[in-house]
Every structure is written in structure tokens, then in C-alpha cells.
> 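Please find one structure pasted underneath; my questions will follow.
In what follows, chains are A, B, ... by sequence order, proteins preceding strands, each numbered from 1.
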Amino acid sequence: MRKYAVIYRSILMENLQYAMNVIMGFITYFMIVFILMQLWNYMYSNPADLIAGYSRQQMIWYVMITETIWFGTRTATVTNQVTADIKGGNIAYLMNKPYHYTLYILTKYTGEWSIRLPIYAVFAAAVGVIMVGRLPDFHIITLLAAIPSVILGITIQGVFKLCISLISFWIEDSNPFQWIYDKLILVIGTIFPVEIFPETLQPLLKLTPIYTVCYGPAKLLVDFQMDKYLEILLAQVLYLGLGILLMFFLYGKGVKKLYVNGG
Amino acid sequence: MITKINMSKRINTITTVKNQLQVCMLSVKYNIMRGMLNRVTFLTNIIFMMLNNAAFLIQWIILFRLKEDIGGYTLREVMLQWALSASSYGLAHLLFARVFSLSELIINGKLDSYLVQPKNVLLGVMTSATSTSSIGDLLYGLCILCIFCFSFRNLLLFLLFTVTGATILTAYALLMGSFSFWFVRADMVGNNLVSSMVNFSTYPDGIFKGAVKFLLYLIIPTGMSIYLPVHLMVNFDVGQLFIVLGFMFLLLTAAIFTFYRGLRRYSSSNLMNART
């Protein structure tokens, strides 16, 4: 475990040097959130309306939180780096290091979002308070309680994206699969809470990563309920366990297919 | 005698332009052929890009379940907007993908190999890369048009506005990228603005109000590349068509001028690289 802590610390220090890049990336975040704010403002023609049980403020804050998680964890480590390592053959060198390659990538990913996410969260909170107003019935204790769920959601996201990247062992370019996964999360997960979908579809959506990555953490921050909290945490722990098993399975199968051509 | 000289000059100019265009087309053709070396990856890229775009259908179906019209648009018009947006983006990235990473070439001093080639520098840079997945965007746009609002008139207008939209997007990316000749951090601002142009293009302009609308027509020209063309496809107006065409030529001229002004400031990084 200590070697992963050292990796984490070095990535953290490295990313602190590039905090300015994260701040510049906030322009895109702001633009997207601004568009979605305008969209939901339009959808709530009467500000007192409720859509799927959400008020206008809750809905916009929900979108802002999911987008913050999305942007705060968007790094190329679990996607492009893994694909490039496999495609370029660098994996042959990395797999002989005294760590497990997938855990090394996950540690690096954690080091990166540890810097990005708090920066995005602070900016997002400022934008939210200025443009939408305070989130109704929000207490600091809600934030503290939701933090484990946010961390679990982000880790699940990293594990699943890494699993998709490992497909590169079989198909040269795994990017098209990443697009589909990203769209599943972005289009369905970040813009709409699960309750907005027809009731027949809701149980199905609870089985997808949308529930554990986006909906869970955002729902807890917007509308905290203890029974929901336990349900979401349980689903996340199960999801993470399955995801890690799948990740080790894919990696184990993949490295057996590896051909080293020398050089 | 003077008429003969003028004629021969004109023929020379036409031949030069023809040759330049031929070289550009060949460059794009070889880029695509390179992408086709791995057939499975090539086809997966195209098909999955179409599926990727189709995912947004779910978003709009859900939104239209909540409200009958959004920003004055029905589902048919939103789909038309999506089709035009995807096709313009696809065409721009199919022919001129390198423009979207121009800043990187400038900042890292990688323009040398283009400067020494016996053809137009800008055209050489612009056509030196192709994004194969953009074929999926282009096809998706055409498919959506055929499914939701096909007519011969719509098809002709759609093809025209795909070209104007792609030209405006490319010119805007070229303009933003060219600022890197002067400012190091310009790439970050430029990339953000170009991606904002794409993001705004998939939502109806009716949801934006006041100064934002003004911004969307002049600072981030999504209005001229997508919104106005969609309005024109619904209600045709010759005057507005000329506004779109005029804006396109103006932006293109400004972008080309900025690129060549900036090129005077370019300094090589003495990297050894070759283009074959």
C-alpha cells in the first residue's frame, strides 16, 4: 500500500504545478452549465413548478453537481494513457514494475482528481450561489455525509473507464466504446435525475453506472434522505467490487495476448 | 499584346488554384486511406460516432415529453438543428482537422515542414490531418435529415448550409488558433471558445435571451453557422441567406489575414520532422 501512497503523493505534487490549466478548463464547464441553466429555466416556465419532484433550484444544482463530478474527474489517465500504453507497447515495460499496472493507473487518476475536483467544486459553488441562489435546505452536514458517496462514485467512474480502455488489448482503439459510455453518463446521467424517466425504466437505470456515478452523489447533496443514503452507498460498494473484479479479469486476460516485438 | 499577357496571367492563376486544390484533395484522400489501414477501427469509429450522436435523441425525447415546444422549436426542428450541427462539424473535421490543433503546431514550433513545401502554407497545414470519426458525424447529419425532414429543397439547403457551417467553424478555429502566434495561453481560451461554439449549436437559440443572443451571433458565431441556417430552412429568406454568406466570407478573410500576419512572428523550434 505504501508504494501507492508514494505514487499518489508525487502525482498530487505534479498536478499542483498545473492548477492554472484546471482553472482555464473551467471556461468550458461554465459554458455547458450556462446552457443547461438556460434550458432548465425555460423548462420551468413557472419557477414554483415541480418536475419529477424537483424544484427549479434543485434541478439546476443537480445538473451543476453532476457536471462538476464529470469535469473534475475528466483526465486522460484512465482513457488515452492506457490505450496508448497498450497500443504503443509501453505496457510491456510497465507491467514489470513492482506494482500492479491497473492499481498504478487508478492511483494516478486519484491524484489527478484530488486537485481538479476541489477546484471545480469551489468554482461551481460560487457560480451556483451567484446565478441560482442557495440550495434550499442544504446543511454542511449533508456535504460531509455525501463525501464518501462522491468518492465512491468517482472511483467507480475511473474503474469502468479503465475497463473500457483495457479493451484495447483486443481492439486497437477503444475510444469509440468510451464515447458510448460517456454519452450514457453525460446525456442521461448528468442532465436528468432518474425520477424524470418513465417508471418502467427507472429500475433498469438503477442497474447502470448512472445511478452510482452521477445520480447517487448529486441526489444526496440536493435532497438528502437517510434511507436513500444507505441504498446508494450499498449499490456503490457492490458496483465498485464488481468493477474491480472485471478490471483484474480483463487485465489478466489481456496481458496473455501481449506480443513483445523487441526494440 | 496586353490582352494576351492578361489572358496568360489569368490562365496561370487558374492553373495554380487548380493545382493547389488537387494537392489538397489528394492530401485528404491519403489521410482517409491511412485511417482505413485498420478496417475494423475505421468502421468502429464511424458507426460508434453515429451511435454517440444518436444518444442525444433520448435527451430531446425526454425534454419534449415535459414541454411541447422548447425555445420555439418542435422535435423536428431540433433534429434539423442537430443534423446541421453534426454535418458541419463532420465536414470541418474531415477536411481541415489540423486547424483545430493549430495552436499546438505554433507553440511547439512545428510549422517548419509546411513552410518548406512548394504549396500554399495555410492549405497545407489545414488539410494535413483528417479525423475519420467525423465521417460518422457527416453521415449522421444526412440520416437525421432523411428521417425527420426530407425534401429535395431541404436537401439542397442542407448541403449549402453544411458547407457554410463547416467554413465558419473552420475559420473561427483558424482565427482563434492564429492568436497563438502572439499569446502563449491563447490556445486554452481559443479551444474553449471553439468547443463552446459546438456546444451551443445543439440547443435552440430560443432558450437564450438578451446579450447572450448577441454573443452567439458575433463573438461565438453559432448563430451564423447553425441558428440562422435552421431558421432559413424553415422559412426561407434571400436577405438572410446573404447575411450568412457575407459573414462567412468576412470571417474567413479575417482568419486568413490573421494567420499570415501571425506567421511573420513564427519562430522555429528546430525540430527535425518530415511530411511524406
Side-chain angles (χ1 to χ4, degrees), chain A residues 18 20-46 49-52 54 59 83 87 167-168 170-198 201 205 210, chain B residues 35 37-67 69-73 132-133 136 185 187-209 212-213 215-216 220 222:
Chain A
Y18 302 108
M20 190 61 194
N21 291 5
V22 179
I23 293 165
M24 294 300 280
F26 193 76
I27 300 172
T28 305
Y29 169 88
F30 178 75
M31 292 285 187
I32 289 176
V33 162
F34 178 78
I35 294 171
L36 295 173
M37 256 184 213
Q38 300 299 310
L39 179 69
W40 281 115
N41 277 335
Y42 189 88
M43 298 303 287
Y44 283 86
S45 40
N46 178 2
D49 281 349
L50 286 181
I51 295 179
Y54 289 79
M59 190 64 90
T83 308
K87 268 166 78 175
I167 297 175
S168 296
W170 292 271
I171 292 176
E172 197 180 297
D173 191 0
S174 62
N175 272 332
F177 297 93
Q178 297 282 5
W179 300 337
I180 298 295
Y181 175 81
D182 287 353
K183 284 299 163 302
L184 180 78
I185 299 286
L186 261 179
V187 177
I188 305 172
T190 62
I191 305 176
F192 307 113
V194 171
E195 293 89 343
I196 224 163
F197 292 89
L201 280 179
L205 285 171
I210 292 167
Chain B
L37 279 175
N38 188 332
R39 290 280 163 97
V40 179
T41 308
F42 179 74
L43 288 174
T44 325
N45 271 321
I46 294 172
I47 294 165
F48 275 60
M49 183 48 81
M50 292 176 82
L51 288 173
N52 174 53
N53 290 338
F56 285 93
L57 257 170
I58 303 168
Q59 177 191 336
W60 288 105
I61 288 170
I62 293 165
L63 287 169
F64 278 104
R65 270 184 68 229
L66 302 172
K67 210 170 180 138
D69 85 285
I70 297 171
Y73 282 30
T132 48
S133 60
R185 287 271 175 198
D187 60 324
M188 290 190 138
V189 180
N191 291 343
N192 276 312
L193 285 173
V194 173
S195 67
S196 297
M197 187 178 164
V198 177
N199 288 326
F200 275 107
S201 71
T202 54
Y203 290 88
D205 56 339
I207 64 170
F208 306 109
K209 292 182 185 82
V212 181
K213 242 181 181 168
L215 259 164
L216 288 176
I220 305 170
T222 311

> Go through the atoms of B:Asp69 and report whether side chain, backbone, both or neither lie under 4.5 Å from a heavy atom of chain A.
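When you check distances to chain A, atoms from both the backbone and side chain of B:Asp69 fall under 4.5 Å.
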
> Picking from B:Ile70, B:Asn192, B:Thr44, which has the most non-hydrogen pairs under 4.5 angstrom with chain A?
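It is B:Asn192.
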
> B:Ser133 and B:Phe48: side-chain contact (heavy atoms from CB on, under 4.5 Å), yes or no, with the steps?
CA-CA 8 Å; B:Ser133 60; B:Phe48 275 60; over 6 Å; no

> Carefully, step by step, assess A:Leu184 and A:Ile180 under the rule side-chain contact (heavy atoms from CB on, under 4.5 Å).
CA-CA 6 Å; A:Leu184 180 78; A:Ile180 298 295; 5.8 Å; no

> Quick one: what part of A:Leu201 sits under 4.5 Å from any heavy atom of chain B, side chain, backbone, both or neither?
neither

> Are A:Met31 and B:Ser195 packed together at the side-chain level, in the sense that at least one heavy-atom pair is separated by less than 4.5 angstrom?
no

> Is the centre of the B:Phe200 ring less than 6.0 Å from the centre of the B:Phe208 ring?
yes

> Most heavy-atom pairs under 4.5 angstrom with chain A, which of B:Ile220, B:Ile47, B:Leu63?
B:Leu63

> By a 4.5 Å heavy-atom criterion (distance strictly below it), what part of B:Asn38 contacts chain A: side chain, backbone, both, or neither?
side chain

> Answer with yes or no after comparing the ring centroid distance for B:Tyr73 and B:Trp60 against a 6.0 Å cut-off, counting only values under it.
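Judged by ring-centre distance (under 6.0 Å), B:Tyr73 and B:Trp60 do not meet the cut-off.
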
> If we count only N and O atoms by modelled type, under 3.5 Å, do the side chains of B:Thr222 and B:Ser201 hold a donor and an acceptor together?
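No donor-acceptor contact under 3.5 Å links the two side chains.
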
> What part of A:Phe34 gets closer than 4.5 Å to chain B, counting heavy atoms only: side chain, backbone, both or neither?
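Interface part for A:Phe34: side chain.
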
> side-chain contact (heavy atoms from CB on, under 4.5 Å) between A:Tyr54 and A:Tyr44: does it pass, once the steps are laid out?
CA-CA 10 Å; A:Tyr54 289 79; A:Tyr44 283 86; 3.9 Å; yes

> Could you check which of B:Ile58, B:Leu193, B:Ile62, B:Asn191 has the highest count of heavy-atom pairs closer than 4.5 Å to chain A?
B:Ile62

> Between A:Ile32 and chain B, with a heavy-atom cut-off of 4.5 Å, which part of the residue counts as in contact: side chain, backbone, both or neither?
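The side chain, not the backbone.
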
> Check whether A:Ile196 gets within reach of chain B through its side chain, its backbone, both or neither, counting any heavy atom under 4.5 Å.
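Both backbone and side chain.
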
> So for A:Ile51, is it side chain, backbone, both, or neither that comes closer than 4.5 Å to the heavy atoms of chain B?
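The side chain, not the backbone.
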
